[in-house]
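Just below is one structure, and these are the notes that go with it.
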Amino acid sequence: MDEVAIFGSGLSATNISDIYNGGNGPTDIGTNGLNLSPIVWWRMEEGSGTSVVNTANSGTYDLGLFNTDGSGPTFSTNVPT
């Protein structure tokens, strides 16, 4: 899973197209980028550890990730083609 965002209202077809056509994921969908202002945006770019920072509002709604056996997640930099 990568680039998970939650918005306070529905997105238009144009908004979704802009995000999708941004390539491997836009670097900013907030106020300085596409002006979509997500409530939360987990980019999953930490690379290690068990926490994922909410890029839209750091410190609020950060994620803790754990496998069912209690171990941490496996991060990968592989990009599907």
Side-chain angles (χ1 to χ4, degrees):
M1 185 180 311
D2 192 23
E3 300 285 335
V4 176
I6 298 175
F7 300 88
S9 60
L11 299 179
S12 70
T14 300
N15 295 146
I16 294 167
S17 179
D18 288 345
I19 292 170
Y20 179 79
N21 291 323
N24 291 332
T27 57
D28 188 357
I29 58 176
T31 57
N32 295 324
L34 299 175
N35 297 317
L36 299 178
S37 301
I39 296 168
V40 294
W41 183 23
W42 300 292
R43 298 202 61 207
M44 311 291 185
E45 294 184 334
E46 284 70 12
S48 64
T50 57
S51 296
V52 177
V53 175
N54 172 10
T55 305
N57 188 6
S58 184
T60 305
Y61 304 117
D62 291 347
L63 293 178
L65 302 175
F66 300 93
N67 292 320
T68 55
D69 65 1
S71 66
T74 300
F75 287 88
S76 174
T77 58
N78 293 339
V79 177
T81 57

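Remember, predicted model here, so these are calculated numbers, not experimental data. We're numbering straight along the sequence, starting at 1.
In the hydrophobic clustering of this structure, I39 groups with L63; members are Ile, Leu, Val, Met, Phe, Trp, Tyr whose side-chain heavy atoms approach within less than 4.5 Å, directly or through other members. No path of Ile, Leu, Val, Met, Phe, Trp and Tyr side chains, each step under 4.5 Å between heavy atoms, connects V53 with W41, placing them in separate hydrophobic clusters.
Across every non-hydrogen atom of R43 and E3, the tightest pair is NE-OE2, 3.2 Å. In plain terms, the two heavy atoms of P38 and A56 that are nearest each other are O-CB, 3.5 Å. Contact between F75 and P73 at its shortest, heavy atoms only, is CE1-CG, 3.6 Å.
Legend: residues meeting side chain to side chain contact (heavy atoms under 4.5 Å, CB included) with Y61, ordered by chain and number and at least two apart, are V40, W42, N54. Considering only residues two or more places apart in sequence or on other chains, S9 meets the side chain to side chain contact (heavy atoms under 4.5 Å, CB included) condition with none of them. In terms of the side-chain hydrogen bond (donor to acceptor under 3.5 Å, both in side chains) criterion, residue partners of S12 (sequence neighbours excluded) are, by chain and number, N15.
Of the possible polar contacts, one joining the D69 side chain to the S71 backbone as a donor-acceptor pair under 3.5 Å is found.
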